[in-house]
Protein chains: 2
Amino acid sequence: MKYIEKLRKSGLRPTKQRLQICEVLFNREKTFHFTINELEQKIKNHTSSKISLATVYNTVHAFEKKGYLKQIPINSSETYFDTNVTDHHHFYDLKEEKLIDLENSDVGPINILKKLTEKRLNQLKFL
Amino acid sequence: MKYIEKLRKSGLRPTKQRLQICEVLFNREKTFHFTINELEQKIKNHTSSKISLATVYNTVHAFEKKGYLKQIPINSSETYFDTNVTDHHHFYDLKEEKLIDLENSDVGPINILKKLTEKRLNQLKFL
DNA sequence: TTAGCAGTTTATAATGATTCTAAAAAAGTG
DNA sequence: CACTTTTTTAGAATCATTATAAACTGCTAA
């Protein structure tokens, strides 16, 4: 399995559950967005063995901490994650109620005209 | 009271509770951000009579629906609202864990370089 | 002014995503 | 294999928010 090394290098033990979740999350062409419950469904469809909900939460947070997933700062009852961890923007389609990725190259530069120190800017997250 | 008319015009009955909440929210120089619990505290400090938590929720949602408040799309355990309903941006200060307003005039134009139809663009919310 | 209806408030229960807990299982190490 | 550490797990706990249903209030028409 190609994920065993990746996990070990990150200091995460390559358990059966983590490897299965890796398959579901990363073994595909395109990146995608998901909630924990959507991920649980995908896991169910993908494997016969059941993974506890707590484990799904644990794993997603572990992967996020290691930088393999990114949390999307959308205001929703459920938290969204993104397997695209490159620096990019999101748009939320109000009608279809789903997220759209826009790469940085799809969006022109955003210029902050107000005077803010460099240090200050680095600790700010654009919403 | 100056808020009676405003409420009536919106189709909201000017109840004692709503007027008190109006005082707390709108009778000030600057706009501000708040969570429901922060608002509840402010109400407690402002008046002697108690307003039920359910009423605070109801009122905030009613005001939001009428356009007097704006929900801020930040991912947090609590929902943030803004009394500044003008079209503007938010930055989230990761270190101080608080929101900062940036007026549109403080931020240069954001150019979407990807081809999206006009109609599509209107139903998108920038995150 | 008052009767009655619609809108509002309220305490409390319900909901639902997420986190906590503590015990069992699995992985790594010598 | 023995032993330590990490991980998994089911279920309980948490906490913001919403639903409920009864009491109350504001409004309006007679």
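Letters go in sequence order (proteins before strands), and every chain restarts at 1. Because the structure is a prediction, the values reported are computed rather than measured.
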Can you find a heavy atom in the side chain of B:L19 that is under 4.5 Å from one in the side chain of B:I4? yes
Does the side chain of A:H61 get closer than 4.0 angstrom to OP1 or OP2 of C:dT18 through an N or O atom? no
Take atom CD of B:E78 and atom C1' of C:dA17, then tell me their distance rounded to the nearest Å. 15 Å
Could you tell me whether the phosphate oxygens of C:dA11, OP1 or OP2, come under 4.0 Å of any side-chain nitrogen or oxygen in B:K50? yes
Could you check which of D:dT9, C:dT10, D:dT7 has an atom nearest any side-chain atom of A:N58? D:dT9
Taking the side chain as C-beta and beyond, is there a heavy-atom pair between B:K6 and B:C22 under 4.5 Å? no
Which nucleotide sits closest to the side chain of A:T15: D:dT7, D:dA10, D:dT9? D:dT7
Could you state the CG-C1' distance from B:L12 to D:dG26, rounded to the nearest angstrom? 13 Å
Would you mind reading off the distance between A:E5 atom CD and C:dG28 atom P, rounded to a whole angstrom? 11 Å
When you measure from the side chain of B:Y3 to the backbone of B:N27, do you find a donor-acceptor pair of N or O atoms at a distance under 3.5 Å? yes
Side-chain contact test, heavy atoms from C-beta onward, threshold under 4.5 Å: evaluate it for A:R28 versus A:T83 and give yes or no. no
Pick base, sugar-phosphate or nothing for B:T79, based on heavy-atom distances below 4.0 Å to the nucleic acid. sugar-phosphate
Of the candidate nucleotides D:dT8, C:dT10, D:dT18, which contains the atom at the shortest distance from the side chain of B:Y57? D:dT18
Measure CD/A:Q17 against C1'/D:dT6 and give the value in whole Å, please. 12 Å
Assert: residue with more 5' nearest nucleotide on DNA chain D, out of B:I36 and A:R18, is A:R18
Classify the ring geometry of A:H61 against A:F81: parallel below 30°, tilted from 30° to 60°, perpendicular beyond 60°. perpendicular
Could you state the atom-to-atom distance from NZ of B:K66 to C1' of C:dG7 in whole Å? 12 Å
Find the distance B:K16:NZ to C:dG7:C1' and express it as a whole number of Å. 16 Å
Can you measure B:E64 atom CD to D:dT18 atom P for me and round it to whole angstrom units? 10 Å
Ignoring hydrogens and angles, are the base of D:dT5 and the side chain of A:R13 linked by a donor-acceptor pair under 3.5 Å? yes
Length of the CG-P vector between A:L53 and D:dA12, whole Å: 15 Å
Is there a side-chain contact between B:T55 and the phosphate of C:dT8, meaning an N or O under 4.0 Å from OP1 or OP2? no
Could you tell me whether the phosphate oxygens of C:dG28, OP1 or OP2, come under 4.0 Å of any side-chain nitrogen or oxygen in A:R8? yes
